Novice: 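Structure provided below as structure tokens; questions to follow.
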Amino acid sequence: MKPLITSSLMAVGAFLLAAGPALVAAQTSTSTGGPASAPAVDQHGPTIKDAYGKLFLIGTAGDIPGNYSSDELRLIKENFTVVTPENCMKPGPVHPEADTWNFQRPDALVKWCQDNDIAIHGHTLVWHGQTGNWFFQDANKEVLTQRLKDHISTLVGRYKGKIRSWDVVNEAINDGGNAQTAGTENLRRSNWLKIMGPDFLPLAFKFAHEADPKAKLFYNDYNIEAGAKHRSSMVLLKRLIKEGAPIYGVGIQGHWTTGRVPFAEIDKAISDYASLGLKVSISELDLTIRGASGGQLGGGGGRGARRNTPASPQDLKAQADDYAKLFSIFVKHKESIDRVTFWGLNDRRTWRFGQNPLIFDSNNLRKPAYVAIVDAMLHPNHDLANPAR
Ligand code: G3I
């Protein structure tokens with residue numbers, strides 16, 4: 001273990017032990033904004049930045065600072081060391097037409113983060129979603145390659161030296177998969193693939209590296225921690241590395257559901273990616289409380305939902321336990337983990353609205369999950385961290 005981390009772990013441990021009673025008690029008058037019977041949560045104990053800030057970047061996502069309250073911006077400063085723009089740097093919002101760029105919100109986010117000494121992870125350069133059709137109109141491989149290069153070099157180049165890392169390609173692997181596809185990359189039939197072929201991936205990394213040689217470049221996807229999609233991700237990552245793509249790491253998005261978290265698979269996937277020499281980020285972490293995945297993955301809740309039934313104490317406890325188990329695994333893999341980012345600040349600002357997936361409730365109050373995550377650092381449960389046993 002690197003001495004720095006050892007001393008950091010000891011420093012953090014000592015800090016938390018000193019604060020331990022406040023953490024463990026957690027019986028204060030403050031509610032979580034849920035039903036009257038909801039457990040009180042200590043709103044003033046050590047922060048997740050205190051607990052994890054020396055192990056890996058701990059982040060949130062949002063198109064800050066516009067329409068964020070001063071209370072919310074204070075929470076971000078107190079708790080996080082990195083911010084990911086949720087939408088404003090995606091191809092559609094930032095570059096809706098060939099000769100139209102919307103830099104106002106990206107510029108404001110970069111300025112706010114620099115003013116507050118918070119790192120930035122850029123999201124995302126190449127995606128099948130939220131991308132203007134103009135990229136693909138009347139395009140053959142040569143034309144689309146030039147459009148891709150112009151997009152990446154303009155956007156990455158604008159923030160050269162200011163944005164530490166990027167999701168270069170997002171969600172290129174097809175959903176599902178089976179024993180036959182698991183031995184292949186099983187790429188999604190996006191316009192990028194149909195027009196440029198599989199070269200679009202290494203080319204995107206090449207263009208991003210040329211635009212900012214110091215930026216750390218990631219491949220980002222969901223459900224790649226398990227099953228056929230995990231095996232396809234390993235095939236793809238090995239190919240990119242073999243072709244000399246300047247890839248630094250892989251983002252496991254982490255849109256999970258309480259009671260259905262694939263802990264053992266996550267544990268193994270982090271080891272698998274690290275064995276390729278890659279860093280791992282948990283790039284979009286949220287853990288819904290109720291039922292099936294919310295948001296665009298089907299099921300209840302989601303951005304269009306209007307119902308936000310307060311979670312029951314049992315739901316909050318189950319969520320807290322699963323978050324604690326996840327962070328025990330992240331502590332175990334601290335040498336390989338680059339960043340853990342929650343996909344949203346609070347339960348009011350989540351794409352899985354109504355599923356209460358984050359660690360601050362709709363009133364910006366810490367939930368039991370918050371305390372459980374900090375406590376996982378204070379008392380890392382090594383059994384929890386070895387779910388395969
Ligand atoms: O900004 C417009 C607004 O002007 C308009 O009035 C409104 C009407 O619909 O739409 C607004 O844009 C919405 C945008 O979020 C900002 O709120 C888009 O419709 C909506 O589709 C978009 O949803 C985002 C989704 O990606 C699709 O891009 C979610 O906020 C965002 O959390 C979600 O994040 C993705 C990651 O980028 C990739 N991984 C999966 C994750 C969840 O889908």
Side-chain angles (χ1 to χ4, degrees), residues 2 4-5 8 48-49 52-65 73 76-91 93-94 103 105-127 151-170 204-221 237 240 245-254 270 273-274 276-285 330 333-345:
K2 285 181 278 186
L4 177 62
I5 286 187
S8 305
I48 47 176
K49 180 161 75 170
Y52 293 95
K54 290 187 172 64
L55 288 195
F56 38 70
L57 289 167
I58 188 85
T60 187
D63 292 323
I64 59 168
L73 294 174
I76 293 172
K77 284 185 268 190
E78 287 176 354
N79 289 280
F80 301 108
T81 55
V82 63
V83 167
T84 300
E86 187 174 4
N87 289 291
C88 71
M89 290 189 193
K90 289 171 177 173
V94 76
F103 286 125
R105 297 194 76 166
D107 286 354
L109 182 142
V110 169
K111 181 178 186 321
W112 188 89
C113 288
Q114 290 201 302
D115 290 348
N116 291 284
D117 195 24
I118 291 177
I120 306 159
H121 176 79
H123 175 81
T124 178
L125 299 175
V126 180
W127 192 21
H151 175 72
I152 290 177
S153 55
T154 304
L155 182 55
V156 176
R158 183 180 184 89
Y159 302 116
K160 180 177 180 180
K162 297 177 181 176
I163 293 184
R164 75 171 294 270
S165 53
W166 279 96
D167 288 335
V168 175
V169 178
N170 187 48
F205 279 89
K206 174 176 177 288
F207 297 152
H209 183 69
E210 287 169 353
D212 186 351
K214 291 186 178 173
K216 299 172 178 7
L217 306 179
F218 283 77
Y219 173 75
N220 191 58
D221 211 331
L237 293 167
L240 292 178
I247 181 170
Y248 176 82
V250 54
I252 301 172
Q253 289 186 7
I270 296 171
Y273 294 139
L276 301 180
L278 297 174
K279 286 290 187 180
V280 180
S281 288
I282 310 301
S283 54
E284 306 183 10
L285 179 58
F330 302 158
H333 292 282
K334 58 185 174 295
E335 301 277 0
S336 307
I337 300 278
D338 178 67
R339 171 174 50 91
V340 176
T341 286
F342 294 93
W343 199 246
L345 177 63

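Being a predicted model, the structure only gives us computed values, none of them experimental.
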Novice: Report the distance from atom NZ of K49 to atom NZ of K54, rounding to the nearest 0.5 Å.
Specialist: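 Result: 10.0 Å between the selected atoms.
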Novice: If only atom types and distance count, is the side chain of D63 paired as donor or acceptor with the main-chain N or O of E86 below 3.5 Å?
Specialist: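 Here the side-chain-to-backbone pair exists.
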Novice: Which is it for H121 and T84 under the side-chain hydrogen bond (donor to acceptor under 3.5 Å, both in side chains) test, yes or no, and what are the steps along the way?
Specialist: CA-CA 5 Å; H121 176 79; T84 300; 5.2 Å; no
Novice: Could you grab the distance from atom CZ of F80 to atom CG of L345, nearest 0.5 Å is fine?
Specialist: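 One gets 6.0 Å once the value is rounded to the nearest 0.5 Å.
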Novice: Test N220 against every option in V250, I252, N170 by the side chain to side chain contact (heavy atoms under 4.5 Å, CB included) rule and name the one that passes.
Specialist: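 Running side chain to side chain contact (heavy atoms under 4.5 Å, CB included) over V250, I252, N170 with N220 returns exactly one hit, N170.
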Novice: In the structure I gave you, are the side-chain heavy atoms of C113 and I64 within less than 4.5 Å of one another anywhere?
Specialist: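 A side-chain contact exists here, since the closest heavy-atom pair is under 4.5 Å.
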Novice: Hey, which of F205, F218, Y273 is the one that makes ring pair (Phe, Tyr, Trp, His ring centres under 6.0 Å) with Y248?
Specialist: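 So, applying the ring pair (Phe, Tyr, Trp, His ring centres under 6.0 Å) to Y248 and each of F205, F218, Y273, only F218 qualifies.
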Novice: Go through it in stages, so that I can follow the logic: the residues are H123 and M89, the test is side chain to side chain contact (heavy atoms under 4.5 Å, CB included), and I'd like the CA-CA distance, side-chain angles, deciding distance and then a yes or no.
Specialist: CA-CA 6 Å; H123 175 81; M89 290 189 193; over 6 Å; no
Novice: In Å and rounded to the nearest 0.5 Å, what is the OG1 to CD1 distance from T81 to I48?
Specialist: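 Going from the OG1 atom of T81 to the CD1 atom of I48 covers 9.0 Å.
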Novice: Out of curiosity, I282 CD1 to I337 CD1, how far, rounded to the nearest 0.5 Å?
Specialist: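 Going from the CD1 atom of I282 to the CD1 atom of I337 covers 5.0 Å.
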Novice: Check the angle between the aromatic planes of Y52 and F56 and answer parallel, tilted or perpendicular using the 30° and 60° thresholds.
Specialist: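 Parallel.
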Novice: Hey, could you give me the NZ/CZ distance between K279 and R339, rounded to the nearest 0.5 Å?
Specialist: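 Interatomic distance, K279 NZ to R339 CZ, rounded to 0.5 Å: 13.0 Å.
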Novice: Once rounded to the nearest 0.5 Å, what's the spacing between atom CG of N79 and atom OG1 of T60?
Specialist: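 The distance works out to 9.0 Å.
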